[in-house]
Asks: 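I'd like to ask you about the structure that follows.
Bear in mind that the values here come from a model prediction, so they are computed numbers and not experimental data. In the text below, chain A, chain B and the rest are named by the order of the sequence lines, each starting its count at 1.
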Number of protein chains: 2
Amino acid sequence: MIAKYGIIIKKIAIKSDIFVTLMISKKTKYAINALVYLAKQDERQPTRISDVSKAQNIPQKFLEAILLDLKKSGILASKKGKGGGYYLLQSPEEVNLADVMRLFDGPIAFLPCVTYKYYERCEECKDEETCGIRDVFLQVRNKTVELLKDANLAEIMHRESRLKKIL
Amino acid sequence: MIAKYGIIIKKIAIKSDIFVTLMISKKTKYAINALVYLAKQDERQPTRISDVSKAQNIPQKFLEAILLDLKKSGILASKKGKGGGYYLLQSPEEVNLADVMRLFDGPIAFLPCVTYKYYERCEECKDEETCGIRDVFLQVRNKTVELLKDANLAEIMHRESRLKKIL
DNA sequence: ATAAAGTCTATAAATTTAATAGACTAATTA
DNA sequence: TAATTAGTCTATTAAATTTATAGACTTTAT
């Protein structure tokens, strides 16, 4: 990144490219947008993939795979044939960003040694129990997961209402 | 990720591969390890790249580029020739993980729209000011940056001492 | 002088992300 | 039961990024 600084500045100014190293993937972003959109469709009427795709500006074929994954994980359900589409299977309160992010981007952690399900030791680490770097990243991970667990679809919609009132 | 679950489970069990989507890059990890190592070398005697490389298990050629970047950013200084090497230019209190991570992995944020220096709007976003998703990720980002700013090299070493006392 | 040690340029292998294409299957309804 | 709608599955590809590796070059201490 450093070696490319000159180019990067240019990119941001002209084409607005952005580094993605620590950011969520487009897949996760699309998934979250689609879920919030489905949560906003009152009733549990199925919504067509093509409708979600148009409304949220997500490439349809890409979205198909994403929704299928969300279905396999039990968050969404679908109905085939005419009048079919996708709908929330879980309640908006049950679906939180931590789970969605983990589904598509893997563990929420800056280091493998502070993950729960994907734990991996650092080779160079002499004593993990007393590693100061790990201690910091463990704290960050715990706080992040806490905040993302609280951020369920209902909460996200509440926040939007609140923000609209302020403005 | 989901489509590969079978393989992934196998990988974790057999070869312990890990997804890296939201994790810091090896470059950043190497940089942090090298910095903590240099901070532990009392006096400001230059330490050879080869010594850091061996002690921290970092490919030497890769480390050379990393240390050079840290030098360009003003964190380290170097001395050439015999008896040369790298040493901290800033005090251990001044060097924090937020700055180091930003240097190599770019902005600390899950979405471009909650970054400061690399801000980018989401195309699909109708009203950013009232976006509930953005509101969540902004909160996460602020907390994360706060914790990482506090995590300077001195603090990391303090934590190690504290952890050693507990054990 | 010469040996030690950092610097610079270029390139390559491996992995991952993001996206596309097309055939196939299931369900509804006329 | 045929036609249509809409989700499902498999394969492939393009682009970008990460993680290195190689080798020539420059500077400095003794």
Side-chain angles (χ1 to χ4, degrees), chain A residues 1-4 7-8 11 15 17-31 33-34 38 45-54 57-72 76-87 89 104-106 123, chain B residues 1-8 11 15 17-31 34 38 45-54 57-72 76-87 89 101 104-106 123:
Chain A
M1 170 157 164
I2 294 203
K4 298 182 267 173
I7 297 164
I8 277 157
K11 273 191 183 172
K15 262 211 72 188
D17 260 340
I18 286 253
F19 319 110
V20 155
T21 318
L22 302 176
M23 293 192 190
I24 59 173
S25 64
K26 287 210 171 187
K27 204 166 188 175
T28 299
K29 198 181 160 195
Y30 290 158
N33 285 328
L38 289 175
Q45 296 288 337
T47 304
R48 272 183 301 232
I49 293 180
S50 61
D51 287 350
V52 180
S53 164
K54 278 169 209 153
N57 239 307
I58 305 170
Q60 177 157 344
K61 277 293 181 185
F62 202 19
L63 180 59
E64 286 175 12
I66 292 166
L67 295 179
L68 208 49
D69 285 343
L70 288 168
K71 181 185 173 185
K72 281 174 191 160
L76 295 180
S78 67
K79 199 183 164 193
K80 285 188 173 185
K82 193 169 187 176
Y86 276 94
Y87 56 95
L89 189 60
F104 295 105
D105 283 344
E123 319 88 53
Chain B
M1 173 155 166
I2 295 203
K4 298 182 267 173
Y5 254 154
I7 297 163
I8 278 157
K11 273 190 184 172
K15 261 212 70 186
D17 258 340
I18 285 252
F19 320 107
V20 154
T21 318
L22 303 176
M23 294 192 190
I24 59 171
S25 64
K26 287 210 172 187
K27 203 165 186 174
T28 299
K29 198 181 161 196
Y30 290 158
L38 288 176
Q45 295 290 335
T47 304
R48 272 182 301 234
I49 294 179
S50 60
D51 287 349
V52 180
S53 163
K54 276 170 210 152
N57 238 308
I58 305 170
Q60 175 156 346
K61 277 293 181 185
F62 202 20
L63 180 61
E64 286 176 11
I66 292 166
L67 295 179
L68 208 48
D69 285 343
L70 288 168
K71 181 186 173 184
K72 281 174 191 161
L76 295 181
S78 67
K79 200 183 164 191
K80 285 188 172 185
K82 193 167 187 179
Y86 276 94
Y87 56 96
L89 190 60
M101 287 170 63
F104 295 105
D105 283 345
E123 318 88 53

Asks: In whole Å, what is the span from the CD atom of Glu64(B) to the C1' atom of dA5(C)?
Replies: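 Whole-Å distance recorded here is 9 Å.
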Asks: Please determine, for the side chain of Arg48(B), which listed nucleotide (dG6(C), dG7(D), dA5(C)) has the closest atom?
Replies: dA5(C)
Asks: Determine, stepwise, if the pair Phe104(A) / Ile24(A) fulfils side-chain contact (heavy atoms from CB on, under 4.5 Å).
Replies: CA-CA 9 Å; Phe104(A) 295 105; Ile24(A) 59 173; over 6 Å; no
Asks: Do you know which two heavy atoms are closest between Tyr87(A) and Lys79(A), and how far apart they sit?
Replies: CE2-N, 4.3 Å
Asks: Please report the distance, rounded to the nearest Å, between CZ in Phe104(A) and C1' in dA18(C).
Replies: 14 Å
Asks: From CZ of Phe62(A) over to P of dT16(C), roughly how many Å is that when rounded to an integer?
Replies: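 Atom CZ in Phe62(A) sits about 15 Å away from atom P in dT16(C).
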Asks: I want to confirm an ordering. Mapping Ser25(A) and Lys61(A) to their closest nucleotides on DNA chain C, which one lands closer to the 5' end?
Replies: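 So the residue in question is Ser25(A).
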Asks: Does Tyr30(A) place a side-chain N or O at less than 4.0 Å from the phosphate oxygens OP1/OP2 of dA18(C)?
Replies: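 Answer is no, no contact under 4.0 Å.
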Asks: Rounded to whole Å, please give me the gap between CE in Met23(B) and C1' in dT17(D).
Replies: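 Roughly 17 Å, once rounded to whole Å.
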Asks: Measure across Ser53(A) and Pro59(A) and return the closest heavy-atom pair with its distance rounded to 0.1 Å.
Replies: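 Minimum heavy-atom contact is OG-C, 4.3 Å.
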Asks: Are any protein N/O atoms closer than 3.5 Å to N/O atoms in nucleotides 28-30 of chain D? If there are, list each pair with its distance.
Replies:
none

Asks: Using whole Å, what does the distance between atom C1' of nucleotide dC8(C) and atom CG of Asp69(B) come to?
Replies: 12 Å
Asks: Minimum heavy-atom separation for Lys71(B) to Tyr86(B), with atom names?
Replies: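 Of all heavy-atom pairs spanning Lys71(B) and Tyr86(B), the closest is CB-CE2, 4.1 Å.
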Asks: Using five base pairs at each end, measure the axis-to-axis angle across the helix from dA1(C)-dT30(D) to dA30(C)-dT1(D) and round it to 10 degrees.
Replies: 10°
Asks: Looking only at side-chain N and O atoms, does Ser50(B) come under 4.0 Å of OP1 or OP2 in dA5(C)?
Replies: no
Asks: Which one, dT7(C), dA20(D), dG22(C), comes nearest to the side chain of Pro59(B)?
Replies: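 Selected nucleotide (nearest to the side chain): dA20(D).
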Asks: Between Ser78(B) and dA5(C), is there a contact of a side-chain N or O with OP1 or OP2 at under 4.0 Å?
Replies: no
Asks: Taking all heavy atoms of Pro46(A) and all of Gly85(A), pick out the closest pair and write down the distance.
Replies: CB-N, 3.5 Å
Asks: Can you name the closest pair of heavy atoms from Ile49(B) and Leu63(B) and give their distance?
Replies: O-CD2, 3.7 Å
Asks: I need the CG-P distance between Leu63(B) and dA22(D), as an integer number of Å.
Replies: 16 Å
Asks: side-chain contact (heavy atoms from CB on, under 4.5 Å) between Tyr30(B) and Asn57(B): does it pass, once the steps are laid out?
Replies: CA-CA 9 Å; Tyr30(B) 290 158; Asn57(B) 238 308; over 6 Å; no
Asks: To the closest 0.5 Å, what do you measure between CG (Asp105(A)) and CE (Met23(A))?
Replies: 12.5 Å
Asks: Would you indicate, yes or no, if dT17(C) has its OP1 or OP2 atom less than 4.0 angstrom from a side-chain nitrogen or oxygen of Thr21(B)?
Replies: yes
Asks: Starting the side chain at C-beta, find the nucleotide from dT7(C), dG6(C), dG7(D) nearest to Tyr86(B).
Replies: dT7(C)
Asks: Examine dT17(D): is either OP1 or OP2 under 4.0 Å from a nitrogen or oxygen in the side chain of Lys27(B)? Give yes or no.
Replies: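 No, outside the criterion.
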Asks: Given atom OH of Tyr87(A) and atom P of dA27(C), what is their separation to the nearest angstrom?
Replies: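 Spelled out: OH on Tyr87(A) to P on dA27(C) is 12 Å.
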Asks: Atom CG of Asp105(B) and atom P of dT17(D): how far apart are they, to the nearest Å?
Replies: 13 Å
Asks: Between Ser25(A) and Thr28(A), does any side-chain donor sit less than 3.5 Å from a side-chain acceptor?
Replies: yes
Asks: Roughly how far, to the nearest 0.5 Å, is CG of Leu38(B) from CG of Leu70(B)?
Replies: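 Between Leu70(B) CG and Leu38(B) CG, I get 9.0 Å after rounding to 0.5 Å.
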